[in-house]
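What follows is a set of notes on a single structure, which appears directly below.
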Amino acid sequence: MKRASTRIAPPSRPAERVAPAAPALAARTAFPLRREGPAKLTGEARYADDLVFAGAWYGATIRSDDPHATLIAIDRDPDFDWSRVLIVTADEIPGENVVSLISDDQPVLVPVGGEIRHHAEPVALLAAADRSTLHAAKRRIQLRTERLPAVFDPLASTQQIAHFAIRRGDAEKGLADAELIVEGEYRVGHQEQLYIENQAMIALPRDDGGITVHGSLQCPYYIHKAMKRALNLTDAQAVVIQSETGGGFGGKEEYPSMIALHAALLARKLGKPVRMIYDRHEDISATTKRHPAIVRHRTGVTRDGELVAQEIEVVMDGGAYATLTPVVLSRGTIHAGGPYRCENVTITGRAMATNTPPNGAFRGFGAPQTEFAAEMQVNRIAEALDVSPLELRRRWAYREGDVTPTGQVLRESVAALEVLEAAAETAGFSRKRTDRRRASTSGGTRASGIGLALAWHGAGFTGAGETHLASVASIELTDVGAIRVLTASTEMGQGTKTIFPQLVAAELGIGIDEVEMAPQDTSLVPDSGPTVASRTAMVVGRILIGAARKLRARVEESSGQPFPRSYRDFAKRNGGIRIDERFEPYPGITFDEERYVGDAYPCYGWAAAVAEVEVDLDTGEVAVESVVSADDVGRVIHPVLAEGQVEGGTLQAVGYATMEEIKLADGRYLNDRLATYLIPTALDAPRITSILVEKPFSGSPHGAKGVGELPMDVAAPAVVAAIHDAVGVWIHELPATPERILAALSGASAPDTPGSEPGTRSGARANRAAPARGVDPRPEAPSDPLPLRAPQDKGGDWERDR
Amino acid sequence: MPNAVEPPVASPSSLQDAYALLAKGGYRPIAGGTDLMVQLTGEIGEPPERVLDISRLDRLRGIERNAGWLVIGALTTYTELRRSPLIAELLPALAEAAATIGAAQIQQRGTLGGNIANASPAGDTLPILLATDARIVVGSGRQERTIPATEFWIGYRTTARADDELVLRVEVPLVSDRRVRFRKIGTRRAQAISKVVMALSWSADGRAGAWRNVRLALGSVAERPIRAWETEAILEGARPDEETAERAVAALAAEIHPIDDVRSTAEYRRAVATRVLHRLIREEGSR
């Protein structure tokens with residue numbers, strides 16, 4: 001589709017912008033306080049480590065010290081009194097030695113004779129009645145191993161965890177026809193979720209031979225499934241109960257299954273409760289991180305700035321086991337082109353196994369990695385074309401009717417331009433950029449800059465994921481006339497317990513306080529799916545609205561009276577009723593999982609950010625002064641909570657952009673403590689302005705599209721663009737540390753990353769006659785990688801489809 | 001078996017009792033505990049066998065001016081340094097350094113004596129003590145003795161303090177017309193261990209504008225906090241101009257030995273130490 005360069009398509013339905021909530025009384029009364037807020041503020045809230053169970057023992061995990069080895073033996077010091085200590089090894093697992101998720105490759109414990117695939121891998125479990133005995137016992141266990149060759153560089157790995165290819169048009173021909181080709185290689189590293197509360201699980205033996213676990217978690221039914229399989233339990237024998245949870249960010253999506261199994265194995269053998277509470281050091285060294293990625297772009301444009309072809313290669317480091325890597329890669333691959341219309345696109349994504357702890361879910365789920373690269377690329381193209389990065393995005397950004405690389409026609413709810421204009425206008429992007437240009441000649445020790453980025457984020461699970469998942473959420477009118485919401489969707493600080501009552505109360509016409517939330521306990525609530533993928537408000541919220549409508553109709557039909565006036569009498573007369581509502585597929589949304597063609601998501605959220613930075617020219621230190629983030633979330637349910645998501649996501653992205661970095665040596669995380677893994681403090685936090693844009697999705701009665709992950713996609717590339725604006729160098733690798741900035745300023749190579757070749761990473765060049773097929777500077781990648789030694793489960797698990 | 005997590009604690013209320021316990025051996029002094037508490041699990045450094053809580057030794061508190069000396073008790077917290085009118089008047093750079101350590105909670109607990117005894121190469125107050133000719137008074141049942149700061153940190157996390165000695169106080173000579181500049185480069189604006197920390201002191205020679213009694217000290221660029229003697233020699237008697245700055249940074253680059261570690265790289269530390277010094281000299285020259 002040809003488009004005049006200055007035209008901005010009028011949206012078919014104007015987006016509304018919600019002003020940031022004023023701290024006025026009106027705003028407070030209009031939106032309820034956070035449900036669990038008072039308990040958290042007063043200290044009444046019970047996090048896992050606050051739960052007291054009489055006679056409970058303390059559990060610990062013996063972990064490998066090798067990145068890759070054969071486990072020969074687990075030696076106990078004969079001089080130690082082992083009678084006071086319980087030990088569990090792999091041979092005592094009653095069911096399959098597998099932490100059930102997408103693939104069956106990850107063991108609960110490495111068996112003797114088995115293969116250790118990463119540092120800090122669980123090998124044996126200990127429990128003792130007191131912590132000092134446990135601590136002493138831990139030091140009296142030695143693992144005898146035989147080292148095996150280890151791979152730490154995903155580009156050197158031959159073990160592929162997952163692979164995706166997306167093709168639209170003919171990228172090769174598009175590049176050949178392009179007048180300018182811009183190439184770039186971008187890298188992002190690990191990021192730790194750093195939830196406030198460490199991972200924690202407590203397992204209790206049940207009278208029926210099963211196990212109940214209480215813990216800090218996002219997805220009760222993931223753990224339920226993992227327990228049934230590894231412990232040979234029935235549905236009823238495995239019970240998972242969420243305790244108050246101090247943050248997750250994806251970090252409590254998968255690893256809690258491992259910890260729950262460990263605690264359960266100990267409790268089962270001991271016959272008493274066992275507490276498995278990680279300290280921060282263990283948590284950072286062993287649990288999942290954001291996937292590092294290497295993303296290469298070749299982009300073809302015309303001299304007047306039309307985008308004609310994108311060729312993108314994504315390589316992610318999956319770590320030692322598959323965990324959620326295939327679905328992280330899938331999302332990263334689908335989003336890799338950025339929110340831009342392009343007729344000729346080829347995107348390939350590969351996830352490679354390395355001998356490092358497995359990487360997993362983290363807010364954004366693959367998209368922040370590839371969208372960082374996409375935005376860097378667009379900003380560099382704008383520089384090469386000498387046009388404003390804002391103007392270039394105005395031309396390229398998706399409008400309704402545009403087609404994505406998977407061939408999805410964006411029929412509705414496209415707000416790329418709205419968020420772009422809102423962020424740019426609020427931040428004064430064009431004016432500041434021009435003013436700064438004029439002022440830039442003055443000498444000084446600090447330079448300021450402003451940068452822009454735009455992103456899209458597929459709402460909910462990928463493709464037919466939600467259909468496979470078939471989530472159920474319920475509303476109960478109890479026989480005493482109470483209204484209860486029953487879901488497995490967890491509160492981890494983001495607001496689930498507040499927005500569900502809001503949505504249900506609005507449908508039923510009753511007060512929010514009249515709606516109770518049932519505890520997240522698998523013996524009580526149905527499987528409403530995992531609390532991930534920004535799906536809770538959008539997907540589970542929709543199911544609940546459906547359930548509420550049915551309940552209302554049922555009561556009103558019988559009583560002939562409006563629901564609010566009749567439901568209590570109805571319950572007294574007829575007893576309680578419960579509506580179990582199942583997910584209904586979004587009409588008209590189809591996705592071919594084999595070919596990766598079709599509607600990858602039912603709709604998309606849109607986000608733009610403008611960041612302003614000040615760079616110290618002597619030290620390369622970056623102060624992110626402000627970020628304006630405009631996010632289209634469809635419909636805002638609770639402005640204060642939604643803004644909280646934007647602010648938190650933005651700050652997490654600022655940390656990702658400037659300082660959060662995991663350094664590795666021999667496959668071990670070197671900075672695995674709070675003293676060494678640094679995130680922004682309050683002093684490092686920029687002034688954040690959040691603008692909520694509403695372009696509702698018609699597939700949901702409430703129009704919501706999710707908010708949690710969206711802001712995480714945009715702030716990092718905006719910060720790096722601002723650094724470039726300030727000092728004139730592009731930092732191709734996150735985080736943009738002072739070390740990298742000074743190195744770039746002095747023209748030297750940045751601190752080494754295995755496989756990177758400074759100086760050959762990127763460049764723009766004119767495309768004469770035929771595109772020059774010069775020497776490809778990249779290390780040779782295996783074109784036909786060997787199959788992964790732990791093949792993917794072909795069982796059609798829905799997780800794979802996200 | 002000793003309890004590995006919570007070692008026994010003795011809390012003497014007199015210096016003599018403290019000395020007697022220290023003489024028995026096995027005790028590690030604890031003041032604010034900001035360094036020691038994280039070592040209790042034994043994962044970072046050797047955990048203490050027994051702990052000597054010195055918080056009741058009130059003689060180790062207080063900041064006073066005594067003839068030509070500024071005397072600071074070992075138990076003085078960073079918060080007290082920040083709030084002290086005497087420090088603000090006589091050695092404001094020390095308050096500036098204290099303000100960069102940890103955040104409010106650490107500053108409320110952590111002490112100057114602890115920073116000295118912990119002997120981290122990154123200790124943020126230590127370059128100031130080195131650059132101001134401070135001396136450290138230690139005591140034991142045997143004697144009190146005074147050790148010049150330049151002779152106190154003798155190796156990686158090693159000091160001239162004997163195991164049975166306590167750090168009692170710091171004495172900083174008061175020199176008229178002395179100026180002290182402090183600069184810390186960390187990974188973030190609070191709660192950060194320094195990548196490079198620097199203190200520069202000198203006396204301006206009124207008419208000529210030349211610098212006298214120049215002292216330059218740095219942390220995080222060697223295995224211990226150091227004085228940059230060669231660079232000082234270049235700066236001594238020189239005027240703070242562009243040429244001096246160039247010569248000084250060349251000397252500094254040659255005499256520091258930073259390393260790559262989890263916080264930064266040797267290359268960055270060398271570059272930043274020299275750039276920051278260059279800037280300090282330029283700034284002073286343009287005053």
Side-chain angles (χ1 to χ4, degrees), chain A residues 80-81 130-139 279-282 285 443 445 616-624 654-655 658-665 669-685 735 737-743 745-746 748-752, chain B residues 1-7 34-35 37-44 47 99-100 102-106 120 122 183-196 198 245 249 258 260-283 286:
Chain A
F80 187 77
D81 175 11
D130 63 277
R131 283 185 192 150
S132 47
T133 303
L134 184 67
H135 189 83
K138 226 179 140 179
R139 289 148 73 112
D279 66 14
R280 186 64 74 174
H281 169 56
E282 181 169 25
S285 25
T445 56
D616 184 310
L617 296 175
D618 284 332
T619 64
E621 291 169 292
V622 174
V624 181
V654 166
T658 59
M659 67 177 77
E660 292 188 44
E661 182 173 26
I662 290 277
K663 295 180 182 175
L664 283 130
Y669 301 144
L670 287 179
N671 46 337
D672 50 8
R673 296 174 187 279
L674 281 177
T676 46
Y677 185 82
L678 301 189
I679 64 168
T681 66
L683 281 183
D684 300 285
T737 57
E739 284 78 1
R740 291 200 170 108
I741 292 168
L742 266 204
L745 281 173
S746 60
S749 63
D752 269 356
Chain B
M1 216 199 85
N3 185 321
V5 176
E6 288 168 13
T34 56
D35 288 309
M37 292 297 282
V38 296
Q39 297 172 17
L40 290 186
T41 61
E43 290 168 337
I44 306 173
T100 68
Q105 288 152 313
I106 296 288
S120 161
R183 189 71 208 277
K184 167 175 171 173
I185 291 91
T187 301
R188 59 186 177 190
R189 293 195 222 178
Q191 302 272 33
I193 301 170
S194 60
K195 292 175 179 174
V196 171
M198 178 186 292
V249 301
D260 287 346
D261 67 9
V262 74
R263 287 192 298 283
S264 190
T265 62
E267 187 188 359
Y268 178 78
R269 289 182 156 115
R270 193 180 300 277
V272 157
T274 55
R275 283 161 170 260
V276 166
L277 178 64
H278 201 279
R279 187 197 288 186
L280 286 181
I281 296 170
R282 278 195 333 260
E283 282 173 3
S286 62

How close do A/Ile679 and B/Arg188 get, counting heavy atoms only, and between which atoms? O-NH1, 2.5 Å
Looking at chain B, which one of A/Leu617, A/Thr681, A/Leu678 has the largest number of heavy-atom pairs inside 4.5 Å, strictly under? A/Leu678
Residues at least two apart in sequence or cross-chain that pass side chain to side chain contact (heavy atoms under 4.5 Å, CB included) with A/Thr619, listed by chain then number, are A/Asp616, A/Glu621, B/Arg183, B/Ile185, B/Tyr268, B/Val272, B/Val276
Taking all non-hydrogen atoms of both residues, which atom of A/Ala623 and which atom of B/Arg189 are closest, and how far apart? CB-NH2, 2.9 Å
Would you mind reporting whether A/Leu674 and B/Gln191 have side-chain heavy atoms less than 4.5 Å apart? no
Check whether any side-chain heavy atom of A/Arg740 lies under 4.5 Å from a side-chain heavy atom of B/Thr265, and answer yes or no. no
Suppose we screen for salt bridge (charged side-chain N to carboxylate O under 4.0 Å, His left out). Which residues come up paired with B/Arg263, at least two apart in sequence or across chains? B/Asp261
For the atom pair CZ (A/Arg131) and CD (B/Glu6), what is the distance rounded to the nearest 0.5 Å? 8.5 Å
How close do B/Ala190 and A/Leu683 get, heavy atom to heavy atom, and via which atoms? CB-CD1, 3.8 Å
Non-hydrogen atoms of chain B under 4.5 Å away: do they reach the side chain of A/Asp130, the backbone, both or neither? neither
Within the structure provided, determine whether A/Glu739 and B/Lys195 are in side-chain contact (heavy-atom separation under 4.5 Å). yes
Taking all atoms of both residues into account, what is the closest heavy-atom pair of A/Ala675 and B/Ile193, and its distance? O-CD1, 4.3 Å
For atom CD of B/Glu283, decide whether the heavy atoms of other residues, nucleotides or ligands shown that lie under 6.0 angstrom number more than 12. yes
Looking only at heavy atoms, which two atoms of B/Arg282 and A/Asp618 are closest? And how far apart? NH2-OD2, 4.0 Å
Go through A/Leu742 and B/Glu267 one step at a time and tell me if the side-chain contact (heavy atoms from CB on, under 4.5 Å) criterion holds. CA-CA 10 Å; A/Leu742 266 204; B/Glu267 187 188 359; over 6 Å; no
